[in-house]
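These notes concern the structure reproduced below.
Being a predicted model, the structure only gives us computed values, none of them experimental. Quick note on labels: first sequence line is chain A, next is B, and so on, each numbered from 1.
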Amino acid sequence: MTQEVAASGQVVMGAPFWIATAIFLLTYGLIVTDKIHKTILALVGASLMILLRIVTQEEAFTSMDLGVDWNVVFLLVSMMIIINIMKPTGVFEYIAIKSAKAAKGKPFTIMAIFSVVTAVVSAFLDNVTTVLLIAPVTLLICQALELDVVPFLITEALASNIGGTATLIGDPPNIMIASKAQLDFMAFVYNLTPVIIVVLIAYVISIKFIFGKRLKVKEELRQRVMAMNENEAIKDPVLLKKSLVVLAITIGGFIMHGMLHFEPATIALAGAALLLLVSGTKDPQHILAEAEWSTLFFFMGLFMIIGGVVNVGLIKWMSIKVLELTQGNLIGTSMTVLWFSAFASAFIDNIPYVATMNPLIIDMAKQLYPNFSGVQLLHHPDIMPFWWALSLGACLGGNGTAIGASANVVVCGMAEKMGKPISFKKFMLYGMPLMVESVIICMGYVWLRYYVLKI
Amino acid sequence: MKAKDLMIPIQDSLSPENTLREAVNHLRIAKKGEEKVGLKGMPVLGKDGKLEGMLSMTDILKAVHPSYMSLMNLSNFTWDGMVESIAKDVANKRVEEVMSRDVITVKEDDPLMECVDLMIKNNIKRLPVVDRAGKVAGMLYEKDVFFEIVKAMLDDDYYVINS
């Protein structure tokens, strides 16, 4: 399939352009309405892109620019495998019970420690996974202390989205950005972790003001928590030791992957394969089957849909419009990307959003620096802040509403099952101000670091 | 032998609006046939007499088992009195929130093997038997099926050999 983009840089709006745009808009529109499962929609959209000859199957399956980004898929599936092997060891129950006891059963201290633990764990694991591992213990602790679970669930979901922003592997948008922008693990640590630490500190202080005074617990109930023996959580100490060693090697691998010139997915795949090998798993079927295939196929479908609209020039057309709007002002563009991403991600899934924004930023870079290409273009000092603004906005923006991030959806589901439903309004009442607070901090950070200090 | 020959005609049922407190009391004092034995499960019928669900002992156990306990391995961290206090909390829940909704039923003229097949494949101990109008006519219990099997075995072999 030939690129529908004329040499002059103008986008040719022929039939393929409108067909691809229609598939794209229809799929995204239906995803927002939530009537049909998003994975099914993504796969239907992807099939149409190939069937209607917008992209070829070869492009959809093998092209980095127009098809499935296997870097993202393999990184996600490998981390899922590692977690699925580790879960039965009881390590996550252990961490959560230990945290509650470290807080001596005091409610706000528990909330603060759980938030920080959730944020730190989220920096290395998927946010939804983290919440699914911490929230059940939180519900148990709240039941023991006869506390309202809702503030704890909301603060954990928000903390997981904050923590996930800190590293390359913490949140799918970062994994996607890293792959497209060819940024390594340490680049994320240098550029995002510092501001996320500040955001997290501000967050804990904020929830102290919001919830601190409301949380009271009877002395005798605290004994229930103090009587819990976290060591009983460990069901398989041998597998736990093996898992922790492999996890340490894997994280070490992530830290080194840039220097060693390996993609992050290679490191994750090697880690998962090593853990499968040393764990003594007889039949890997159930461990592999437990990976979140629906999420993985959602990614694959989206990548193919985005490939279609990239191929016909829609994304390029959008990038021209964005640059017209910001008139090539770099600070203005960064701030627009940051705030637009935050509010967009608060209401729509940040994964399709980032899937669209990645090629858009690359196209913007091409418009701004037509003489550069490859890594020189992607890592141009003027372009780098766009990537960080996109990551910060898209990841933190999820905190704005109950549907902004998968972790929020998960905790709302849990609350409902407990007979304590969290309304859209109630979540937003806490989430939106805290989201705006975090994005204001990021705005100051991006401005100061990349446009004043230029480091 | 058909379902209707072995079923116990329906005497007791619950309404979806009953509270769990009312429901468990009803189960406790219910009769099966002539004897007052208490029941381990009962059909839940709507106003029109149509079957809406079944409420069994397992459903009651599930009602006091917090959903988060199914997500992780937390049994080591529970405390004395936890079940009792949750039981008090859920006592005012309505039957329809707790009952099993997808109930497997048999028709009056269904053969006994069909009933056995459904019991084994779905791991159920009681089957509502519905009449042509779709109303519950009676209940078929695992125990009564068992006694029927016992009778068949003793008639054909044991009885003959011993006489």
side-chain contact (heavy atoms from CB on, under 4.5 Å) between Leu140(A) and Met82(B), worked out: CA-CA 10 Å; Leu140(A) 178 84; Met82(B) 188 176 174; 3.9 Å; yes
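Proximity to chain B (any heavy atom under 4.5 Å) is shown, for Ala144(A), by both the backbone and the side chain. Of the atoms belonging to Ala233(A), heavy atoms from both backbone and side chain fall under 4.5 Å from chain B. Neither the backbone nor the side chain of Ile141(A) comes within less than 4.5 Å of any heavy atom of chain B.
Side-chain atoms of Asn229(A) and Asn76(B), non-hydrogen and from C-beta on, never get closer than 4.5 Å to each other.
When the heavy atoms of residues 79-113 of chain A are compared with those of chain B, the residues falling under 4.5 Å are Phe92(A), Glu93(A), Ile97(A), listed by number.
Note: Gln143(A) CD to Ile86(B) CD1 = 4.0 Å, rounded to the nearest 0.5 Å. Interatomic distance, Glu230(A) CD to Phe77(B) CZ, rounded to the nearest 0.5 Å: 7.5 Å. The line from CE of Met72(B) to CG of Leu139(A) is 11.0 Å long, rounded to the nearest 0.5 Å. Remark: Arg224(A) CZ to Thr78(B) OG1 distance equals 11.0 Å, nearest 0.5 Å. In this structure, CE on Met414(A) lies 11.5 Å from OH on Tyr68(B), to the nearest 0.5 angstrom. Atom CG in Leu71(B) sits 6.5 Å away from atom CG in Leu132(A) (nearest 0.5 Å).
Ranked by heavy-atom pairs under 4.5 Å with chain B, the first of Pro136(A), Ala227(A), Ala135(A), Gly419(A) is Pro136(A).
Residue-environment remark: CD (Gln285(A)) stays at or below the threshold of 12 foreign heavy atoms within 6.0 Å. Applying the 6.0 Å contact sphere to CD of Glu416(A) captures no more than 12 heavy atoms from other residues, nucleotides or ligands. No more than 12 heavy atoms of other residues, nucleotides or ligands shown are found within 6.0 angstrom of CZ on Phe146(B). The neighbour count for Asp102(B) CG, taken as heavy atoms of other residues, nucleotides or ligands under 6.0 Å away, does not exceed 12. At most 12 heavy atoms of other shown residues, nucleotides or ligands fall within 6.0 angstrom of atom CG in Asp80(B).
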